[in-house]
Amino acid sequence: MTTQHVDVLLKNIAQLLPMQSDGPRAGKEMMQLDVIEDGAIAINEGKIVFIGKTEEAARFKAEQVIDCHGKLVTPGLVDPHTHIVFGGSREHELALKQQGLPYLEILKRGGGILSTVEATRQASEEELFAKGSFYLDRMLSYGTTTVEAKSGYGLDRETELKQLRVAKQLNENHPIDLVSTFLGAHAIPKSHKDDPDLFLEEMSAMLDEVKEENLAEFVDIFTETGVFTVEQSRDYLAKAKEKGFGLKIHADEIDPLGGTELACELVAVSADHLVGTSNKGIEMLADKRTVAILLPGTTFYLGKDTYARAREMIEAGAIVSLATDFNPGSSPTENLQLIMSIAALRLKMSPEEIWNAVTINAAHSIGRGESAGQLVVGRSADVVIWDAPNYLYIPYHYGVNHVNTVIKAGKIVSKRREVIE
Ligand SMILES: N=CN[C@@H](CCC(=O)O)C(=O)O
Ligand SMILES: [Zn+2]
């Protein structure tokens, strides 16, 4: 047996989830979950060079050996819907919500998204970068290694570009990989209250610049009562598609306007939220060209009782993914593990479906199906070692952080502090 020298060897893994799949998993396929017991992973120069059983890994001699006895090991989690670059915070809105003031009413009164717009306009790039890094550090510590990040708290050329540039810097400087989305059409700014069409023209006029500076891969819009109509969204997104952007829609979050149908019609890469999606929308998702990204943390935080109809979507054959929707208003949490628990309890998704949703399907919903969300020989070693004996445990034991160690591109980037005796 020839010895093979590698940088890192993980061995004696109680349960190893390789999450290998040629494409996203839809409908019943979401129940598929291969488990390797007593598994091992060898990593060299940031890449996975072996994945299999510990007994098959005897040829590897590693600089660093990590004994994963009793532990679960999975790919780094992928969070495909966040609003991570923003100024200020909105803790004062919690009391308004408790008094029964609806989310869209707070927005109508100039609060909500519009108050974050004010704070983001005022913040310097350095401040936004520092804040973004802090949130990303926290995400990493919770096991997330790839994140989608939206702009949308500028609503003017200068601030939207500032947010996108900060996201680019974060991607270049932080271990987490960031995938950027231009969400200039996130709300109607006060200055354009009476002329949303003019505002959308101004945002469309930015698309070339965003493309040339390589500041975003996707374009998104908030299709919602009091924000943008389905018709406005269709015109706006058609322009973005023509310019070569992938499309996303904040669809049917509060009112069932038909954003899901529009996303499927335009072959958007994802339709997000989907709390009010119609039967027709569910049927269209079964086409499997648009990923349904569900954000149950938002429904929970907005204090609603009705959640997205995940079961019906999966039964219809849709590709379902999950995300935190991390933002300062409707979902202030970086913790994707908590979302996994809410998905189990409120969306009634099975643990197998949930793991597919936060790895393979999440990666496909942001154009990273070929690089993230799976442990495959030759790919970047983005790996999480969990203080949990099996995959059922993460959605079950809720609200806390189960991460032991996070490895990104072969390097340990986060580790639970050992208790000092
Ligand atoms: N609903 C629109 N956008 C965000 C919330 C943004 C905010 O409230 O600041 C969402 O996805 O929930
Ligand atoms: Zn959002």
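Counting starts at 1 for both ligands and their atoms, following the listed order.
In this structure, the protein non-hydrogen atom closest to atom 8 (O) of ligand 1 is Y103 OH, 2.5 Å. Shortest contact from atom 6 (C) of ligand 1 to any protein heavy atom: Y153 OH, 3.2 Å. The protein heavy atom nearest to atom 12 (O) of ligand 1 is S330 OG, 2.6 Å. Given atom 3 (N) of ligand 1, the protein heavy atom at minimum distance is H186 NE2, 2.8 Å. With hydrogens left out, the protein atom closest to atom 4 (C) of ligand 1 is H83 NE2, 3.6 Å, a heavy atom. Considering only non-hydrogen protein atoms, atom 10 (C) of ligand 1 sits nearest to D325 OD2, 3.1 Å.
Atom NE2 is the N/O/S atom of H81 found closest to the Zn ion (ligand 2). The atom of D325 nearest to the Zn ion (ligand 2) is OD1, with the search restricted to N, O or S atoms.
Taking CZ of R25 as the start and CD1 of I319 as the end, the distance is 12.0 Å to the nearest 0.5 Å. The CG atom of L207 sits 11.0 Å away from the CD atom of E212 when rounded to the nearest 0.5 Å. With values rounded to the nearest 0.5 angstrom, I249 atom CD1 is found 5.0 Å from T223 atom OG1. Distance CD1/I13 to CD1/I51: 7.5 Å, rounded to 0.5 Å.
Between K168 and E213 there is no salt bridge, since none of the side-chain N atoms of the basic residue sits less than 4.0 Å from a carboxylate O of the acidic one.
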Derivation and outcome, side-chain hydrogen bond (donor to acceptor under 3.5 Å, both in side chains), residues D387 and N404
CA-CA 5 Å; D387 282 323; N404 178 285; 2.9 Å; yes

side-chain hydrogen bond (donor to acceptor under 3.5 Å, both in side chains), that's the test. Do H250 and H81 meet it? Break it down for me.
CA-CA 10 Å; H250 277 66; H81 181 136; 3.1 Å; yes

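When each of I360, T74, D34 is tested with M19 by the rule side-chain contact (heavy atoms from CB on, under 4.5 Å), just one qualifies, namely I360. Looking at D220, I84, D325, N327 one by one, the single match for side-chain contact (heavy atoms from CB on, under 4.5 Å) with K150 turns out to be D220.
Neither the backbone nor the side chain of F86 has a heavy atom within less than 4.0 Å of ligand 1. Contacts with ligand 1 closer than 4.0 Å are made by side-chain heavy atoms of E253 only, the backbone lying farther away.
Remark: distances from the non-hydrogen atoms of H273 to ligand 1 include one below 4.0 Å. Using a 4.0 Å heavy-atom cutoff, T116 is absent from the residues neighbouring ligand 1.
Taking a cut-off of under 4.0 Å to the non-hydrogen atoms of H81, the atoms of ligand 1 that pass are 11 (O). Near R90, the atoms of ligand 1 lying under 4.0 angstrom from a non-hydrogen atom of the residue are 7 (C), 8 (O), 9 (O). Atoms of ligand 1 lying under 4.0 Å from at least one heavy atom of F222, given by number and element, are 1 (N), 2 (C).
The Zn ion (ligand 2) has an N, O or S atom of H250 inside 2.8 Å of it.
No close placement of the Y236 and F228 rings is indicated, their centers lying 6.0 Å or farther apart.
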